[in-house]
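This report refers to the structure that appears directly beneath it.
Below, chains carry the letters A, B, ... as their sequence lines are ordered, and counting in each starts from 1.
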Amino acid sequence: MSVRTRFAPSPSGHLHVGGARSALFCWAYAANHDGTLLLRIEDTDQKRSSDAASRGFLEDLAWLGLDWDEGPQWHGRGGGDTGPYEQSNRLDIYEKYLAQLIDSGHAYRAFETPEELAEARRAARQEKRAYRYDRAALDLDPDTVAAWVAQGRPFVVRFKVPGDAPIVIQDAVLGEVRVEPGELEDFIIRKADGFPTYHLAVVVDDQLMGVTHVIRGQEHLANSPKHALLQDALGFDRPIWAHVSLIFNPDGSKMSKRDKDKALRAEVRSKGIENPPEGAGIEADRWQAWLGDKTMQLETEEATRLAGLLGIQLPAINVDDFRRSGYLPEVLLNYLALLGWSPGGDREQFDLAFIRENFSLDRIVKSPAKFDRAKLLAFNLDAIQAMDDDQFVVRLQAFCQDFEPAFLEAMTTHQFKVFALANKARSKTFLDPIESGRFFVQGDDEIEWPLTKPLRKALCKGEPCGFDRLTAVRDILAEADSWTPEHLETILTTWAETHCEGNLGKVAQPIRVAVSGGSVSPPIFDTLEILGKDATLTRIDRCLSQRESMQESST
RNA sequence: GACCCCAUCGUCUAGUCAGGUCUAGGACAUCAGGUUUUCAUCCUGGGAACAGGGGUUCGAAUCCCCUUGGGGUCGCCA
């Protein structure tokens, strides 16, 4: 039988790194076995599902290069015979199996309200008892049930957990996992709104879609016995389960899609903000609901705006966060693969083709892993350094198109190419050249020279000082008849030979400061070429015009 | 709290399933030098771990048990 794996996210925001890793493992296992990867959208929660969110997932997966064979159709991906692949479009299917379970006595209707259940849970907690549903609905006589249903009284359907034998499941990563009878309560398989719960939908869909291997995060481990029970009751096959360990934050907590909201709530509380800040675009009642419900998530845009207003940095947990931060998809994938899996031996850097060739479930690590940004960054640097020049230019260009169009608008194609290549050796991410190169796209009159320590050192200190050298070299540059890096190098090194004892830095640094307003830039000759002669001279002149006031305040 | 899962350098891991070749290997981070027109690179070198206790065995990082520690789940979320 051919291998069929599935990645089944719920569409509640962007794809987070844990989900991305599950998707990668599903992809890799299927690819390694010439099997099929299915994508299924688990949107049975009417309160939390939105179309925009599920498209975000698709885009994230596509960016990573994790293409699905079957699933929602999107830019040439997806399709297939076992759809529909959105659970909200499969309600009639679940109804059929629900009826089967009720008819066969494996499930029953229950009429307690959510409030009643919450109260029962609270009471159990107070008495330090483990709460389990008391099966009161099982005592209802059939006529009463029929009458209540006929009246339209809301009900849920619960699965009647057999109490006789331990439930033993086999896991490809963890081995045998055993749960004693009586540990599980009669869990709900259909909600009052008519939608199935996750448990029922997953079991039915996995069977109907022919899924052979379920690779998912260990937070689902406790669900598997329930699914096994449902599968047995429905006469379904059990898939092979592989529960992958969790990904942690550096502080040891679980890396969660809710971390952004958590950070925002903490900040709001610590600042004692009671109402939604002006410009956050959040309604007052929605704000209150969000503050009071730690499972509720803001939309990405709302969260980003709010973080901006509060002046805090949101934790990077989504694939999209890393994309915007200038990481390469192949590096993120490489790093994610290493988090919880290892090909054995010393090899650490590899591509998707290598993963495809070498992936196996028995090399998945059981223990949880902390997400280490520093190592990811180091890998990204290595990948950028290994890239050939043309590719770097093209990919940086694409990055700017998506996130920093100002850099493309402000430069000619040639300037951008010089800019890119001048930055390649010093970039750890695509964002590095952008952040350190803002001065390239600023107007000449926007450059300012804050009196920081490195600026003071470059301009004011020493005898002669930077200003002196700048004044002298300004006219040399003005007379340059050619403005190429090579020619500039000749002029300036020659000048440094006679005026700075051959120490190019003595003159390069003051120029760098004058044209950039900071102490950091690409190699100086490239920098000047990108700026061009006019901008260079204008900026030097403006800088020199500040000489007096800077020297005054520096003494 | 109940149930379940896990345990090698600061971090990710190799080695564990088939016990000896392990005075435990690699990578990231860190520290000390060096190269460099700034930043970033780059080069050389150093320190750094088998959670603790019991077994089994000629021999245990590797097998068993207990303790401790960490984590997950306990929703009409998935």
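With rounding to whole Å, A/N503 atom CG is found 13 Å from B/U35 atom P. Atom pair A/H227:NE2 and B/C4:C1' shows a separation of 15 Å (rounding to whole Å applied). Look at CD on A/E348: it is 11 Å from P on B/A29, rounded to the nearest Å. Taking atom CD1 of residue A/I364 and atom C1' of nucleotide B/C6, one finds them 15 Å apart after rounding to whole Å. Between A/W341 atom CH2 and B/A14 atom P the separation is 11 Å, expressed in whole Å. Atom OH in A/Y327 sits roughly 15 Å away from atom P in B/C28 (whole-Å rounding). Distance CG (A/N334) to C1' (B/C28): 13 Å, rounded to an integer number of Å. Counting to the nearest Å, the P atom of B/C6 and the CG atom of A/L339 are 18 Å from each other.
Pair assignment for B/A2 gives B/U73, based on Watson-Crick or G-U wobble hydrogen-bonding distances that are each under 3.5 Å. Applying the Watson-Crick and G-U wobble criteria (two distances, each under 3.5 Å), B/C17 pairs with nothing in any strand. Using N1 to N3 plus N6-O4 or O6-N4 for Watson-Crick, or N1-O2 and O6-N3 for G-U wobble, each under 3.5 Å, B/A61 pairs with nothing.
Under the salt bridge (Lys or Arg N to Asp or Glu O under 4.0 Å) criterion, the residue pairs touching residues 419-438 of chain A are A/D389-A/K424, A/E404-A/R438, with sequence neighbours excluded. Sorted by first and then second residue, the side-chain hydrogen bond (donor to acceptor under 3.5 Å, both in side chains) pairs with a member in residues 364-381 of chain A read A/E348-A/K375; sequence neighbours excluded. Listed by first and then second residue, the ring pair (Phe, Tyr, Trp, His ring centres under 6.0 Å) pairs that reach into residues 420-439 of chain A are A/F392-A/F430, A/F399-A/F430, sequence neighbours excluded. Residue pairs that meet the salt bridge (Lys or Arg N to Asp or Glu O under 4.0 Å) test with at least one member in residues 111-126 of chain A, sequence neighbours left out, are A/E119-A/R122. Within the structure, salt bridge (Lys or Arg N to Asp or Glu O under 4.0 Å) pairs that include any residue of residues 484-494 of chain A do not occur (at least two apart or interchain). Listed by first then second residue, pairs satisfying side-chain hydrogen bond (donor to acceptor under 3.5 Å, both in side chains) with a partner in residues 520-529 of chain A read A/H414-A/E529, A/R512-A/S521, A/S521-A/T527, not counting sequence neighbours.
Nucleotides B/A18 and B/A60 place their C1' atoms 15 Å apart, quoted to the nearest Å. Here the separation of B/U8 from B/G15, taken at their C1' atoms, is 9 Å to the nearest Å. Across the C1' atoms, B/G10 and B/C17 are found 29 Å apart, a figure rounded to whole Å. To the nearest whole angstrom, the two P atoms, one in B/A27 and one in B/U67, are 39 Å apart. Straight-line distance between the P atoms of B/C50 and B/A24: roughly 11 Å, to the nearest whole Å. Between B/U56 and B/G72, the two C1' atoms lie 33 Å apart (nearest whole Å). Across the P atoms, B/G70 and B/C31 are found 29 Å apart, a figure rounded to whole Å. Between B/U13 and B/A61, the two C1' atoms lie 14 Å apart (nearest whole Å).
Under the rule for a ring-ring contact (aromatic ring centres under 6.0 Å, His included), the partners of A/W148 that lie at least two apart in sequence or sit in another chain are A/F111. Checked against side chain to side chain donor-acceptor pair (under 3.5 Å), A/E185 has no partners two or more places apart in sequence or in another chain.
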Worksheet item: Where along nucleotides 38-52 of chain B does protein come under 4.0 Å, by heavy atom, of base (B) or sugar-phosphate alone (S), with - for untouched nucleotides?
Response: BBBS-----------

Worksheet entry | Contact state string [nucleotides 65-78 of chain B, B base, S sugar-phosphate only, - no protein heavy atom under 4.0 Å] | ------SSS-BBBB

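Note on A/K366: only backbone sugar-phosphate atoms sit closer than 4.0 angstrom, heavy atoms only; bases stay farther off. Contacts of A/G340 with the nucleic acid, taken as non-hydrogen atoms under 4.0 Å apart, involve only primed sugar atoms and P, OP1 or OP2. Within the nucleic acid shown, A/E183 comes within 4.0 Å of sugar-phosphate atoms alone, with no base atom in reach, counting heavy atoms only.
Taking the nucleotide of RNA chain B with the nearest heavy atom to each of A/V365 and A/V173, the more 5' of the two is matched to A/V173.
In this structure, A/R158 is not positioned above the aromatic face of A/F187 in the sense of NZ or CZ being under 6.0 Å from the six-membered ring centre and within 45° of the axis.
For RNA chain B, the residues of residues 369-379 of chain A within the heavy-atom distance limit of 4.0 Å (strictly under) are A/A369, A/K370, A/D372, A/A374, A/K375, A/A378, A/F379, sorted by number.
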Pairs of donor and acceptor atoms involving the side chains of residues 221-231 of chain A, under 3.5 Å and at least two apart or interchain, shall be tabulated with distances.
from	atom 1	to	atom 2	distance (Å)
A/N223	ND2	A/H220	ND1	3.3
A/S224	OG	A/R216	NH1	2.9
A/S224	OG	A/H243	NE2	3.0
A/H227	ND1	A/R216	NH2	3.3
A/H227	NE2	A/H199	ND1	3.0

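Scanning all heavy atoms of the two residues, the minimum distance from A/L208 to A/Y97 falls at CD1-OH, 3.5 Å.
Judged by distance alone, the side chains of A/Q385 and A/D382 never bring a donor and an acceptor atom under 3.5 Å apart. Under the 3.5 Å distance criterion, with hydrogens and angles disregarded, a donor-acceptor pair is assigned to the side chains of A/Y94 and A/D205.
The phosphate of B/C17 (OP1 or OP2) has no side-chain N or O of A/R363 nearer than 4.0 angstrom.
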